[in-house]
Amino acid sequence: MPEISKFIYMNVYVRQLANHEGETVQLRGWNAQKRDSKGLVFMVFRDGTGFCQAVIDVQVVGEEVFEIAKRLPQESSLSITGKVVKDERQIGGYEIHVTALEVIAEAEPYPITPKEHGVDFLMDHRHLWLRSRRQWAIMRVRNRIIFAIHEFFQSRGFIQMDAPIFTGNACEGTTTLFETDFYGEPAYLSQSGQLYGEAMAMAHGLIYTFGPTFRAEKSKTRRHLSEFWMIEPEMAFYDLQMDMDLIEDFIRYVVTKVLEDCKNELQILERDTTYLEKVREPFVRIKYEDAVRIIKGEVPVSGRTSFDMLEEEKQKLLAERESAEKEIAEREAKIKSGTLKKGEVNFNQSRIDKLKAQLTDIAERLQAVEQWIHSARNFVRGNDFGGGDETVLTKMFGQPVMVYNWPQAVKAFYMKEDEQEPGYAKGVDLLAPEGYGEIVGGGERETDLEKLKRKIQEHQLPMSAFEWYLDLRRFGNVPHSGFGLGLERLVAWICGLQHIRETIPFPRSYGRLLP
RNA sequence: UCCUCGAUAGCUCAGCUGGUUAGAGCACAUGACUGUUAAUCAUGGGGUCCCUGGUUCGAGCCCAGGUCGGGGAGCCA
């Protein structure tokens with residue numbers, strides 16, 4: 001074993017390897033995975049900034065070190081010294097030819113193996129799951145999104161101000177809130193910073209809040225969390241049009257930044273960026289009533305109605321199911337024939353298992369399509385959209401859709417009524433494509449003091465709790481608008497995730513408080 | 001709260017119409033293999049079939065109740 005002092009070589013991070021090609025460097029991190037053959041160990045080494053392959057050759061490091069490397073359990077921490085070699089086959093483009101290796105801490109048997117695991121198992125091990133490559137990539141994208149959000153607003157002169165988390169009252173009155181004890185009085189965890197945002201906008205003109213939000217809904221869906229992060233800009237002297245322009249610029253900016261700066265992460269996530277690229281085109285903007293006509297199949301989009309689209313979707317799934325069933329039958333027949341070698345049997349069997357899992361998934365999606373057809377047929381004009389209606393609408397366009405001018409009854413009390421169209425509120429929802437649903441909700445705020453008072457009464461909210469809010473109308477009333485963005489839904493859409501629970505380090509949802 | 005699906009080895013799952021001693025792959029251990037990208041070969045250890053009760057000569061499988069979980073509805077970002 002060559003004598004190598006740990007101080008001779010520069011400590012670098014995996015992320016920087018491209019700058020050190022041909023040099024000998026030292027890295028510190030963890031053994032994410034390895035395989036060995038005679039005389040060689042291939043280790044997937046990670047140090048938090050990235051992943052790279054480390055090659056340990058018995059002829060270079062000697063028997064003793066080689067044995068240590070060969071027996072090193074998954075997720076043990078170690079430092080390695082070696083030469084940086086370009087290798088196009090590797091995900092970062094570089095690998096390390098190790099010349100020295102030092103174990104920092106040997107790990108106990110690691111529960112997350114390089115094999116499929118169920119979601120529940122992974123969620124129970126969330127504290128460790130965060131280390132794996134996919135989760136790592138998602139958190140990097142989340143970080144870039146957060147940074148882009150700040151860049152966007154700060155560069156436009158918005159001030160970040162925070163709304164309180166303890167509140168005395170439900171702001172919109174509808175959703176279930178978490179109740180806590182605030183020095184003997186009931187207090188609720190904030191479900192929105194919106195009303196406070198309005199007060200802050202009257203002080204600073206352009207502001208945005210960025211903080212956690214809590215909803216005690218017992219929702220068990222892939223779109224809901226009990227605790228999530230929301231960004232809520234509020235702008236004095238903005239009407240609905242300006243609000244929509246801002247939403248569009250904002251989403252375009254954030255998505256573009258991720259596309260530019262997170263290529264590696266999106267590649268790890270195997271994200272098809274076709275729909276993301278579409279943010280460069282103008283967003284679709286339609287009024288609620290027109291959206292309803294499209295959902296109900298009364299008006300076609302690019303020559304096809306919602307029912308045409310749903311029927312296509314259904315046929316596609318049926319075809320997928322058929323081909324999966326056929327493949328299963330073929331492979332089962334092969335195995336039964338008894339002519340296969342053991343390895344081939346294993347391969348076929350695991351392929352069958354995978355296809356069966358796919359069949360379960362297809363069945364679920366077919367059920368969803370049936371539900372969408374049902375809800376499109378029975379949609380009652382004047383109602384809010386359900387998850388299925390949103391999906392149908394966005395699938396018709398394949399790009400972000402802004403729906404505005406909603407029936408007042410389905411929107412919050414502070415939404416401004418459209419003078420030209422009484423009964424309709426100047427609210428807007430931005431629906432993400434690919435079934436990711438509502439990621440932004442906002443609109444112009446009601447400025448008429450009497451209308452506000454009336455609506456607070458209609459919603460049966462306690463007037464006393466809103467006196468401070470009404471003061472904003474009494475002292476220098478101005479037209480203003482704002483919106484709220486659900487960070488996790490945006491992360492889910494950009495990363496193309498099946499479930500929102502992967503978008504936040506430690507998700508809190510119905511039935512999940514640990515880890 | 002409602003609808004729907006599920007719970008079998010550390011993990012992912014198979015287990016036919018109720019029938020002898022419950023299986024596979026991965027993981028782990030040992031050995032073989034010099035360039036691998038989750039699944040090369042051989043050998044080995046590993047089980048309260050979620051719980052309670054019932055039907056039956058016999059229950060992983062059927063029935064009832066419960067617990068926990070997935071997906072969806074409602075509600076929403």
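Proteins get letters first, then strands, A, B, ... in listed order; numbering begins at 1 in each. Just so you know, these numbers come straight off a predicted model, no measurement behind them.
Taking the ring axis of Trp129(A) as reference, the NZ or CZ atom of Arg126(A) stays within 45° of it and closer than 6.0 Å to the ring centre. Remark: Arg377(A) qualifies as a cation-pi partner of Phe307(A) under the 6.0 Å distance and 45° angle criteria applied to the six-membered ring.
rG54(B) and rA59(B): their P atoms are spaced 12 Å apart (whole Å). Separation of the P atoms belonging to rG10(B) and rG45(B) is 16 Å when rounded to the nearest angstrom. If you take atom C1' in rC41(B) and the same atom in rC5(B), they sit 40 Å apart, rounded to whole Å. The same atom, P, is picked in rA32(B) and in rU8(B); the two are 37 Å apart, to the nearest Å. For the C1' atoms, the distance linking rA39(B) with rC11(B) amounts to 14 Å, nearest Å. Atom C1' of rA9(B) sits at a distance of 14 Å from the matching atom of rG15(B), rounded to the whole Å. Separation of the P atoms belonging to rU12(B) and rC3(B) is 28 Å when rounded to the nearest angstrom.
Side-chain proximity of Asp120(A) to rG69(B), rG35(B), rC76(B): nearest is rG69(B). Among the nucleotides rU34(B), rA77(B), rA38(B), the one closest to any side-chain atom of Gln33(A) is rA38(B).
Residue-level contact check: Glu370(A) touches neither bases nor backbone, having no heavy atom under 4.0 Å from any strand. Gln53(A) comes within 4.0 angstrom of a nucleotide base, judged by non-hydrogen atoms across all strands.
Ion pairing of Arg508(A) with Glu227(A) is absent here, as no side-chain N (NZ or NE/NH1/NH2) approaches a carboxylate O to less than 4.0 Å.
When each of His499(A) and Gly437(A) is assigned the nucleotide of RNA chain B with its nearest heavy atom, His499(A) is the one assigned upstream, toward the 5' end.
One finds a side-chain N or O of Arg71(A) lying less than 4.0 angstrom from the OP1 or OP2 phosphate oxygen of rU30(B). For rG10(B), the OP1/OP2 oxygens have no side-chain nitrogen or oxygen of His117(A) closer than 4.0 Å. Distances shorter than 4.0 Å separate none of the side-chain N or O atoms of Arg512(A) from OP1 or OP2 on rC68(B). Side-chain nitrogen and oxygen atoms of Arg222(A) include at least one within less than 4.0 Å of the OP1 or OP2 phosphate oxygen of rG72(B).
Between the side chains of Gln74(A) and Thr113(A), no donor N or O sits under 3.5 Å from an acceptor N or O.
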